[in-house]
Amino acid sequence: MKLKYSIFIVLFMGVFFINCSVQSGYRIKSFFFDGVPNPNTVVVQDTVVTINEKDTLMGQPPIVKQDITPIAGSIHPPVKERKCFECHDEKNRTKGKFPLTELCYTCHNGFKKTYAFTHGPAETGRCTMCHNPHKSNEVKLLYSVKQDLCLQCHEQHDIAANNFHANIGEQNCMECHNPHGGDNRNFLRKEACLQCHNSITENKTYLHGPVDAGQCAICHSPHGAKEPKLLVSTGNTLCLGCHNTDDVYSKKYHTKKNRQDCITCHYPHGSNESYLLIKPAKS
């Protein structure tokens, strides 16, 4: 009986310690004992995930079996799925020897085509000036969601010199500005001006096109101007920058001899009367 027991112990120890790979050893050890560490797991931003064992044994880059949602912040999908070779080659260079300015656009190819005006880093593909390519404690892989991100390039005294920035405190710049680009040179979001100037559109049946589109910068300089109310120009010169002169003066009630300012009869932002008239037209 003792001999049989001894033979069993010897065979068990031989299998347990000599003939097992790390992975197969884990399967045997975990069968007999609790708490054996799984060699096929990796911690990604405080989240434990299981690696595809077959790929690991075959020397392939590990692939995560299930989707990972980080506890906080954000993680780049190729990192989350352990697909390092989506961006890197075997020598840790960028995939296909793409320069960094092109690598991001192999997946994120919509930014330059979306905006009339594009922010410098987005235009040149220098995405890593603002985004961490792997993971971040902030949303969208941003290094920060505070002003310090923008102040890496933009001078604080220049920003403070703008009257509109006088009382922003610690307000996030991206609440007013699109960080990638926009339809105006200042990348202002459509809702940016209305955060303060919301009375312009309230209870208005008709809105001027630029106002309705949120393109206030067509008529106003958002940072500063020599003209009153931050207008880029004054009088009919401003209106005729968009409205065709011949079309305007082809109307019988618009005469070239008596060129009043357009805003004598029309509201520049909105009205409850058609054609943005200040008062109803005579029938």
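Quick note: residue numbers are just sequence positions, from 1.
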**Study point:** Nearest heavy-atom neighbours spanning M174 and P179
**Key:** SD-CG, 3.7 Å
Check your understanding: Short question: side chain of S136, backbone of G73 - any donor-acceptor pair under 3.5 Å?
Key -> no
Review point. Which atom names give the shortest non-hydrogen contact between E123 and T118, and what distance separates them?
Key: OE1-CB, 3.3 Å
**Study point:** Heavy atoms from other residues, nucleotides or ligands near NZ of K251 exceed 12 (cutoff 6.0 Å)
**Key:** yes
Review point. Near E175 CD, under 6.0 Å, is it more than 12 heavy atoms from other residues, nucleotides or ligands?
Key: yes
Review point. In this structure, are over 12 heavy atoms from other groups packed under 6.0 Å from I263 atom CD1?
Key: no
Practice item. Taking all non-hydrogen atoms of both residues into account, name the closest pair between H177 and L188 and its distance. Key: CE1-CD2, 3.6 Å
Review point. Which value, rounded to the nearest 0.5 Å, describes the distance between S271 atom OG and N203 atom CG?
Key: 12.0 Å
Review point. Counting only N and O atoms by type, is there a donor-acceptor contact under 3.5 Å from the side chain of T124 to the main-chain atoms of G120?
Key: yes
Practice item. Classify the ring geometry between H269 and H220 as parallel (under 30°), tilted (30 to 60°) or perpendicular (over 60°). Key: parallel
Check your understanding: Taking side chain as C-beta onward, heavy atoms only, is H266 less than 4.5 Å from L277?
Key -> yes
Check your understanding: Are the side chain of H119 and the backbone N or O of G181 linked by a donor-acceptor pair below 3.5 Å?
Key -> no
Check your understanding: Should the heavy atoms of other residues, nucleotides or ligands under 6.0 Å from CZ of F187 be counted, would the total exceed 12?
Key -> yes
Side-chain polar contacts of residues 233-241 - donor-acceptor pairs under 3.5 angstrom, sequence neighbours left out - could you list them?
| residue | atom | partner | partner atom | Å |
| --- | --- | --- | --- | --- |
| N236 | OD1 | C262 | N | 2.9 |
| N236 | ND2 | Q260 | O | 3.0 |

Practice item. Identify the two heavy atoms, one from H180 and one from N178, that lie closest to each other, and give their separation to 0.1 Å. Key: N-OD1, 2.9 Å
**Study point:** CG (D247) with more than 12 external heavy atoms under 6.0 Å
**Key:** yes
Practice item. Could you give me the CA-CA distance, side-chain angles and deciding distance for C87 and L103, then say whether side-chain contact (heavy atoms from CB on, under 4.5 Å) is met? Key: CA-CA 7 Å; C87 300; L103 179 64; 4.1 Å; yes
Under 3.5 Å, which donor-acceptor pairs do the side chains of residues 143-152 form with other protein atoms, sequence neighbours left out?
| residue | atom | partner | partner atom | Å |
| --- | --- | --- | --- | --- |
| Y143 | OH | T128 | O | 3.3 |
| Y143 | OH | H131 | O | 3.4 |
| S144 | OG | K146 | N | 3.0 |
| S144 | OG | D148 | OD1 | 2.6 |
| Q147 | NE2 | G169 | O | 2.9 |
| Q147 | NE2 | Q171 | O | 2.9 |
| Q152 | NE2 | L149 | O | 3.1 |

Practice item. List the atom of H76, the atom of P133, and the distance in Å for their closest heavy-atom pair. Key: ND1-O, 2.8 Å
Check your understanding: Do the non-hydrogen side-chain atoms of E273 and I278 ever get within less than 4.5 Å of each other?
Key -> no
Check your understanding: Under 3.5 Å, is there a donor-acceptor pair between the side chain of N272 and the main chain of T205?
Key -> yes
Practice item. Enter the distance from L142:CG to S74:OG here, rounded to the nearest 0.5 Å. Key: 7.0 Å
Exercise for review: Go through the steps to decide whether I218 and C242 satisfy the test side-chain contact (heavy atoms from CB on, under 4.5 Å), and finish with yes or no.
Suggested key: CA-CA 9 Å; I218 289 179; C242 294; 4.3 Å; yes
Exercise for review: Please round to the nearest 0.5 Å and tell me the distance separating atom CG of N132 and atom CG of N137.
Suggested key: 9.5 Å
Check your understanding: For P77, which residues count as a side chain to side chain contact (heavy atoms under 4.5 Å, CB included) partner, sequence neighbours excluded?
Key -> none
Check your understanding: Hey, is CD on E170 packed in by over 12 heavy atoms from elsewhere, all under 6.0 Å?
Key -> no
**Study point:** Residue pair C153 / M129: nearest heavy atoms and the distance that separates them
**Key:** SG-CE, 3.7 Å
Check your understanding: Going through the distances and angles, do Y206 and D212 end up as a side-chain contact (heavy atoms from CB on, under 4.5 Å)?
Key -> CA-CA 9 Å; Y206 303 98; D212 194 27; over 6 Å; no
**Study point:** Backbone N/O of V248 and side chain of H254: donor-acceptor pair under 3.5 Å
**Key:** yes
